[in-house]
Protein chains: 2
Amino acid sequence: MVWIHIFMKELKRPPEALHAWLIMLKAWQSMSRYLLPSLTEEGLGDSDFRVLEVLLHKGPMPVNAIGPKVDLNPGSVSVAVDRLYKKELVRRVESTRDRRVRTVSLTEKGREIFVPLFRRHTALIKLAFQDVSPEELQQLELVLKKIGKRAKDLAEKSQHA
Amino acid sequence: MVWIHIFMKELKRPPEALHAWLIMLKAWQSMSRYLLPSLTEEGLGDSDFRVLEVLLHKGPMPVNAIGPKVDLNPGSVSVAVDRLYKKELVRRVESTRDRRVRTVSLTEKGREIFVPLFRRHTALIKLAFQDVSPEELQQLELVLKKIGKRAKDLAEKSQHA
DNA sequence: GTCATTTATATCGACGCCGATATATACGAT
DNA sequence: ATCGTATATATCGGCGTCGATATAAATGAC
């Protein structure tokens, strides 16, 4: 039982930030497993879903604008858009001003497939959050925003170093 | 601007659960990006880290016990352990009772590499959580636990259906 | 004891993502 | 106007995960 000893000695009581992070990890994994099936039934992956979501809610945009919004590098966005293109869910329009850019937008088919899917998705999330009161939800958003922002800042800072 | 219209109409104000989930997504992505470099510098991936973590803190265990703890399927655990084995960070001991099972444990080298890495990792997390008060942290854990548990239950329920 | 079933682990083929690079186009300095 | 640099997108090779399956060993019914 040496390892348990070491664990206790090293951490005393689990430092709170780490503990919270582990719980966040668990919650994240559970949510992901829970939400994924409804996408795969539709033949979509997680990234595809997020791309469609951003296109629906923010409107048409060039490939390079999608990447940051869905946390994907340019190459991955390119292939994701291509997958969706092959399924005729999105359209690529070449810009006349700048012949390098191709603006991506939802097709009618894309809209028809995605809007109901998104609605189901939203309902599933609501179900999973059913035990959380409005006040708790607000508090949760506040805290997660702080953490996300700080993590982003710190990540950028260490990039430069 | 049709899409914005549709968005507003469809969602009125963003339904709170969905909104919170999106913020969680962002926070998660930021944290992952922030934490990953310290692992890759050591030549490890996310899964490898979690396997080492569970071995350090829960002690030696057979391959099939690792999977559930790190949210990986048996095949993935097998190759993850193999990666770590090739780096001599873990050892596989064949059980005499049941000759199918191979109990995985950290080697000395594994411990030497991982313990400081884990300490750095913990420090990074603490930094990212610096803006969160102890009360907020407690509240965060509470709420995330509720969400995780409910999501897990719901996922299992829809499995059977 | 023998055979069917179950369990532990490893392997296989497919797929998605990443980092790096290639290609095409635009922009800016001179 | 030309040339070097920067930007948008696509492509390539490598890697990690998945689901399905293979292999080996244990268990249980008879």
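Each chain gets a letter, A, B and so on, in the order its sequence line appears, and its residues count up from 1.
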Check this for me: does any side-chain nitrogen of one of A:Lys149 and B:Asp131 sit under 4.0 Å from a carboxylate oxygen of the other? no
Round to a whole Å and report the spacing from OH of A:Tyr85 to C1' of D:dT9. 15 Å
Does A:Gln130, at its CD atom, have more than 12 non-hydrogen atoms belonging to other residues, nucleotides or ligands within less than 6.0 Å? yes
Among C:dT11, C:dG16, D:dT9, the one nearest B:Val79 by side-chain distance: C:dT11
Report yes if a side-chain nitrogen or oxygen of A:Arg102 is closer than 4.0 Å to either non-bridging phosphate oxygen (OP1 or OP2) of D:dA10; otherwise report no. yes
Describe the nucleic acid contact of B:Asn64 in one word from base, sugar-phosphate, nothing, applying a heavy-atom distance below 4.0 Å. sugar-phosphate
Proximity to the side chain of B:Asn73 - top-ranked nucleotide from D:dT9, C:dA10, D:dG19: D:dG19
A:Asp48 vs A:Gly75, nearer the 5' end of DNA chain C by closest nucleotide: A:Asp48
Quickly work out the A:Asp82 CG to D:dC12 C1' distance and round it to whole Å. 15 Å
Before accepting this row, confirm whether a basic side-chain N of the pair A:Lys58/A:Glu53 lies closer than 4.0 Å to the acidic partner's carboxylate O. no
Report yes or no: is there a donor-acceptor pair, N or O only, under 3.5 Å between the side chain of A:Arg100 and the base of D:dT9? no
For B:Arg92 and C:dA10, is the shortest distance between a side-chain N/O and OP1 or OP2 below 4.0 Å? yes
Ignoring hydrogens and angles, tell me if any N or O in the side chain of B:Lys87 forms a donor-acceptor pair with the backbone of B:Gly110 under 3.5 Å. no
A:Tyr85 six-ring face occupied by A:Arg92 cation (under 6.0 Å, within 45°): yes
Position toward the 5' end of DNA chain D (nearest nucleotide), A:Ser76 or B:Val77: A:Ser76
Please pick, from C:dA10, C:dG16, D:dT11, the nucleotide with the shortest atom-to-atom distance to any side-chain atom of A:Ser47. C:dG16
Roughly how many Å is it from CZ in B:Arg33 to P in C:dC17, rounded to a whole number? 12 Å
Using whole Å, report how far CD of B:Gln29 lies from P of C:dC17. 12 Å
Please determine, for the side chain of B:Arg99, which listed nucleotide (D:dA25, C:dA10, D:dT9) has the closest atom? D:dA25
Closest nucleotide among D:dT9, C:dT25, C:dC18 to the A:Leu72 side chain: C:dC18
Can you tell me the distance, in whole Å, between the CG atom of A:Asp98 and the P atom of C:dG28? 12 Å
Looking at the side chain of B:Pro74, which of C:dT9, C:dT25, D:dC18 is the nearest nucleotide? C:dT9
Atom-to-atom span, CZ of B:Arg97 to P of D:dA25 - whole angstrom: 19 Å
Inspect the contact between B:Lys26 and A:Glu141 and indicate whether a charged nitrogen and a carboxylate oxygen are less than 4.0 angstrom apart. no
Can you figure out which of C:dT9, C:dG16, C:dT25 approaches the side chain of B:Pro62 most closely? C:dT9
NZ of B:Lys87 versus P of D:dC15: gap in Å, rounded? 11 Å
Once you round it to whole Å, what is the distance between P of D:dC15 and NZ of B:Lys86? 11 Å
